[in-house]
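Worksheet: one structure, shown below.
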Amino acid sequence: MDYRSSRAGALLRGLSLVCSVGVLFVIFSSAAAEPFQCNSSGTCDALVDYVLPNSTTLSRIQTLFNVKNLTSILGANNLPLSTPPQRTFPANQTVKIPFPCICTKGATGKSNKLPIYTVVPNDGLYHIAAEVFSGLATFQQIQAANNISNANLIYVGQKLWIPLPCSCDQVDGQMVVHYGYAVPARSSVDGIAQQYNTTADVLLRLNGLASPNDLKAGAILDVPLKACASMVSNTSLDYPLLVPNGTYTLTATNCVKCNCDAANNWTLNCEPSQTKSSVWSSCPSMQCQGTDNLYLGNTTSSSCSRSTCAYAGYYNNRTISTTTALDSTCPASDNNSSAMSMQGSWKRNLWLFVLVQVLVLCVWI
Ligand SMILES: *[C@@H]1O[C@H](CO)[C@@H](O)[C@H](O)[C@H]1NC(C)=O
Ligand SMILES: *[C@@H]1O[C@H](CO)[C@@H](O)[C@H](O)[C@H]1NC(C)=O
Ligand SMILES: *[C@@H]1O[C@H](CO)[C@@H](O)[C@H](O)[C@H]1NC(C)=O
Ligand SMILES: *[C@@H]1O[C@H](CO)[C@@H](O)[C@H](O)[C@H]1NC(C)=O
Ligand SMILES: *[C@@H]1O[C@H](CO)[C@@H](O)[C@H](O)[C@H]1NC(C)=O
Ligand SMILES: *[C@@H]1O[C@H](CO)[C@@H](O)[C@H](O)[C@H]1NC(C)=O
Ligand SMILES: *[C@@H]1O[C@H](CO)[C@@H](O)[C@H](O)[C@H]1NC(C)=O
Ligand SMILES: *[C@@H]1O[C@H](CO)[C@@H](O)[C@H](O)[C@H]1NC(C)=O
Ligand SMILES: *[C@@H]1O[C@H](CO)[C@@H](O)[C@H](O)[C@H]1NC(C)=O
Ligand SMILES: *[C@@H]1O[C@H](CO)[C@@H](O)[C@H](O)[C@H]1NC(C)=O
Ligand SMILES: *[C@@H]1O[C@H](CO)[C@@H](O)[C@H](O)[C@H]1NC(C)=O
Ligand SMILES: *[C@@H]1O[C@H](CO)[C@@H](O)[C@H](O)[C@H]1NC(C)=O
């Protein structure tokens, strides 16, 4: 039967039009709730989980994702700096990949023109997306990113950009590192929120999930990682130095190693890396000014305070800037603060008293 010439055909065409409009509408309305949104344009550093499809080495992972410095993979995974590139990891192990993210306002963030994958014989877009890159991008996303009209037509030697998901958005006014977390089986939104010092609300909001039940194993969840507070100046070449809990990074052309441990009051801890500079002939001195032999990372305690020589940034002129951070460690400060809060509540009570008086006055009038 020829639908095109019959009334039934017209009806079907009408229905299919309604359906495609409906599908378009669904696609359109769900686009607003997609994860990894960017609410401003810019670039930043991001992380994503790579679940190894096969047993492989650090060096192969570095090549696959075009990571410039092996040390950035080591730092993201808190592996010792001495870990050799030949170190092998088993299949299914999760490795965090650091990469540069580019954001365009109103769109989803994507890895900035990398990784670039070269097609080998017998490759297919689906295999590359789902298996080689373990689902970090769908084959449709790779197809769109590379402007490929027919997904079945790719050729050996073709260079494909694999767009990894990311964002540079602040979350509730805080600069964070967006981490594409590969959701393991049997995890919960509450559990993930607790593990990464965020809230279930934030995770649901960032990922456009209506309910915690919408969490799917294997999905890449946008998890905003809180970074340690630092003293890095906004004129420094590495500003803002965002180091999330449980990671470290080399900065100041590799001369400085900074690590973040939530247990250390979310304070960035930097020290000389004992590594060669990638740019300068040697690493400059990292002594804090006006202190008795305090070097970067050193701490001295006196009766009522603790001074730490903290990292404050680096400049092209082979300068590493440091600053002395003072912490008050006296119990007296506790007494002070409780005195302050008592004073505060006394003030609140006074306000309440005045308010009541005004109200009484009003009633009386
Ligand atoms: C990796 O995980 C998949 C699915 O969870 C499983 O089928 C496979 O056996 C695992 N491979 C290894 C080597 O553990
Ligand atoms: C993993 O190894 C198997 C067997 O060697 C191979 O067939 C498969 O293509 C590999 N997968 C990836 C993603 O490299
Ligand atoms: C995609 O390819 C088509 C034809 O091959 C071309 O007309 C179009 O300009 C391309 N778009 C982009 C964004 O490169
Ligand atoms: C958008 O950016 C602002 C800061 O400019 C931030 O406070 C806010 O949380 C962001 N919105 C979302 C949805 O991430
Ligand atoms: C984050 O961790 C700190 C302690 O390190 C804790 O006081 C705070 O409540 C946590 N925040 C969230 C949202 O879990
Ligand atoms: C840098 O920080 C200083 C204060 O330390 C502030 O006055 C200045 O506006 C900041 N500049 C930028 C570009 O954020
Ligand atoms: C910080 O990282 C450590 C080690 O990775 C982890 O055990 C701890 O739960 C994390 N704490 C927070 C608050 O994220
Ligand atoms: C490694 O990272 C440093 C910054 O810490 C950078 O200056 C250097 O160029 C990187 N090395 C390579 C080979 O890209
Ligand atoms: C924790 O860090 C904050 C600033 O980030 C500081 O004001 C506070 O005194 C620190 N607390 C302790 C116990 O070191
Ligand atoms: C100060 O820091 C330097 C360099 O990290 C280290 O060699 C030295 O042992 C530290 N001194 C003290 C007293 O901690
Ligand atoms: C290096 O540059 C920084 C920032 O421009 C400046 O504050 C510092 O004084 C300079 N140091 C030297 C030794 O020139
Ligand atoms: C601070 O308060 C504690 C008990 O809360 C008390 O033992 C201590 O003497 C007080 N210290 C000062 C300096 O007042």
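Numbers here are sequence positions counted from 1. Bear in mind the structure is a predicted one, so any value in this text is a computation, not a measurement. Atoms within a ligand are numbered from 1 in the order they appear, just like the ligands themselves.
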among protein heavy atoms, the one nearest atom 4 (C) of ligand 11 is Tyr315 CD2, 3.5 Å
Please check whether Asn317 reaches ligand 11 - meaning an N/O of the residue sits under 3.5 Å from an N/O of the ligand, judged on distance alone. yes
Would you kindly say whether Ser233 and Thr235 are connected by a side-chain donor-acceptor distance under 3.5 Å? yes
Cys168-Cys101 sulfur separation below 2.5 Å? no
Does a side chain donor of either Asn269 or Tyr248 reach within less than 3.5 Å of an acceptor in the other side chain? no
Checking a contact table here: which protein heavy atom is nearest atom 5 (O) of ligand 10, and how many Å away? Pro272 CD, 3.6 Å
Can a side-chain donor-acceptor contact be found between Thr253 and Ser278 if the only test is distance below 3.5 angstrom? no
Which ligand 10 atoms are under 4.0 Å away from a heavy-atom of Asn298? 1 (C), 2 (O), 3 (C), 8 (C), 10 (C), 11 (N), 12 (C), 14 (O)
Side chain Ser277, main chain Ser282, donor-acceptor under 3.5 Å: no
Taking every heavy atom of Asn69 against every heavy atom of Gln62, the minimum-distance pair comes out as C-NE2, 3.9 Å
Run the contact test for Gly297 against ligand 10 with a 4.0 Å cut-off on heavy atoms, strictly below, and give the result. no
Check whether any protein heavy atom sits under 4.0 Å from atom 11 (N) of ligand 11. yes
For Glu131, the ligand 2 atoms whose distance to one of its heavy atoms is below 4.0 Å: 13 (C)
Hey, are Ser188 and Asp190 close enough side-chain-wise for a donor-acceptor pair under 3.5 Å? no
Exercise check, heavy-atom protein proximity under 4.0 Å to atom 7 (O) of ligand 11: no
What protein heavy atom lies closest to atom 9 (O) of ligand 2? Include the residue and the distance to one decimal. His127 CE1, 4.1 Å
With Cys103, which of Cys38, Cys166, Cys44 fulfils disulfide (SG to SG under 2.5 Å)? Cys38
Answer yes or no for atom 14 (O) of ligand 2: protein heavy atom present at a distance under 4.0 Å? yes
Regarding atom 1 (C) of ligand 2: of the candidates Val132, Leu64, Asn54, which has the closest heavy atom? Asn54
